[in-house]
Amino acid sequence: MTLAPADGGRRSRRGFAYQDAVTLLDCLDMLEGRWTAVSWEDLEDILCHRDGAPVYRQVKTIEEAGTRHSIANVCKPEEKKAADSSYLGKLFLGKPLPDGTRFTFIVNETPSGTCMRSSRNVIVLAAR
């Protein structure tokens with residue numbers, strides 16, 4: 001599928017708008033005491049802190065109808081043979097990891113595969 005030049009810009013803006021909405025919800029959660037600090041476009045799309053420990057939050061969107069995130073595409077490297085160039089590689093690598101560090105991958109749809117919801121409203125992908 002070939003995109004018109006303007007389609008890439010619209011797609012990027014939709015992705016940023018979704019990330020902004022998630023960041024706003026995190027800021028509102030901070031007002032209610034869930035986080036002690038929230039920043040964005042720092043070490044990750046969103047960086048929240050709770051009790052001195054970071055929660056790195058990566059936000060991704062898919063716009064194509066019928067397409068969903070899967071374990072395979074979340075782990076697929078953007079650069080051949082470079083695992084750290086995948087979505088998860090970028091999320092986990094190169095960050096300080098004090099005790100209590102958490103990672104969250106946030107998507108705008110229900111991912112394909114088996115999904116489990118943790119007690120903190122985080123969807124966890126599991127292979128079938």
Side-chain angles (χ1 to χ4, degrees):
M1 171 170 145
T2 304
L3 297 174
D7 288 344
R10 280 192 285 273
R11 182 175 308 193
S12 294
R13 284 193 299 275
R14 281 194 302 264
F16 289 130
Y18 183 71
Q19 181 177 322
D20 290 346
V22 173
T23 304
L24 175 60
L25 291 173
D26 285 340
C27 289
L28 293 172
D29 285 344
M30 182 175 62
L31 291 174
E32 293 182 356
R34 180 171 183 195
W35 310 116
T36 54
V38 174
S39 63
W40 51 95
E41 297 301 336
D42 188 358
L43 293 173
E44 198 50 71
D45 288 343
I46 305 169
L47 176 57
C48 300
H49 287 271
R50 180 178 338 142
D51 302 324
V55 179
Y56 299 105
R57 297 165 64 82
Q58 178 65 228
V59 180
K60 292 294 176 203
T61 60
I62 288 184
E63 304 302 329
E64 295 84 23
T67 304
R68 295 181 176 187
H69 284 92
S70 67
I71 293 172
N73 72 13
V74 168
C75 296
K76 181 180 177 182
E78 291 179 10
E79 299 170 26
K80 195 173 186 175
K81 296 186 179 184
D84 60 345
S85 69
S86 70
Y87 288 157
L88 288 185
K90 291 176 186 175
L91 178 61
F92 293 130
L93 296 176
K95 297 174 177 79
L97 303 174
D99 287 342
T101 298
R102 294 187 57 178
F103 296 89
T104 308
F105 188 76
I106 300 164
V107 296
N108 68 330
E109 92 292 336
T110 302
S112 63
T114 302
C115 297
M116 300 172 290
R117 188 172 294 276
S118 75
S119 61
R120 298 277 183 183
N121 294 326
V122 175
I123 293 176
V124 178
L125 292 175
R128 288 185 186 201

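Predicted model, so just to flag it, every value in this text is computed and none were measured. These numbers come from the heavy atoms of this one structure, side chains and all, not from hydrogens, waters or symmetry mates.
Of the inter-residue distances, the one linking Leu24 atom CG with Met30 atom CE reads 10.5 Å to the nearest 0.5 angstrom. One finds the OH atom of Tyr18 at 8.5 Å from the OG1 atom of Thr61 (value rounded to the nearest 0.5 Å).
The ring pair (Phe, Tyr, Trp, His ring centres under 6.0 Å) pairs that include a residue from residues 32-59 are Tyr56-Phe103, where partners are two or more places apart or lie in different chains.
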Please list every donor-acceptor pair under 3.5 Å in which a side-chain atom of residues 76-84 meets a protein atom from a residue at least two apart or in another chain.
residue	atom	partner	partner atom	Å
Glu78	OE1	Lys90	NZ	3.1
Glu78	OE2	Lys90	NZ	3.1

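What you find for Ile62 and Arg68 is that their closest heavy atoms are CD1-C, 3.6 Å. Nearest heavy-atom pair across Ala53 and Thr101 is CB-N, 4.2 Å. Across every non-hydrogen atom of Arg50 and Val55, the tightest pair is NH2-CG2, 4.3 Å. Taking all atoms of both residues into account, the shortest heavy-atom contact from Ile106 to Arg57 is CD1-NH2, 3.3 Å.
For Asp42, the side-chain contact (heavy atoms from CB on, under 4.5 Å) criterion is met by Ser39, Leu47, not counting sequence neighbours. With sequence neighbours excluded, no residue forms a side chain to side chain donor-acceptor pair (under 3.5 Å) with Asp45. Listed by chain and residue number, Leu88 satisfy the side-chain contact (heavy atoms from CB on, under 4.5 Å) test with Ser86 (two or more places apart in sequence, or in another chain). Residues satisfying the side chain to side chain donor-acceptor pair (under 3.5 Å) criterion with Gln58, sequence neighbours excluded, are Glu44, Lys60.
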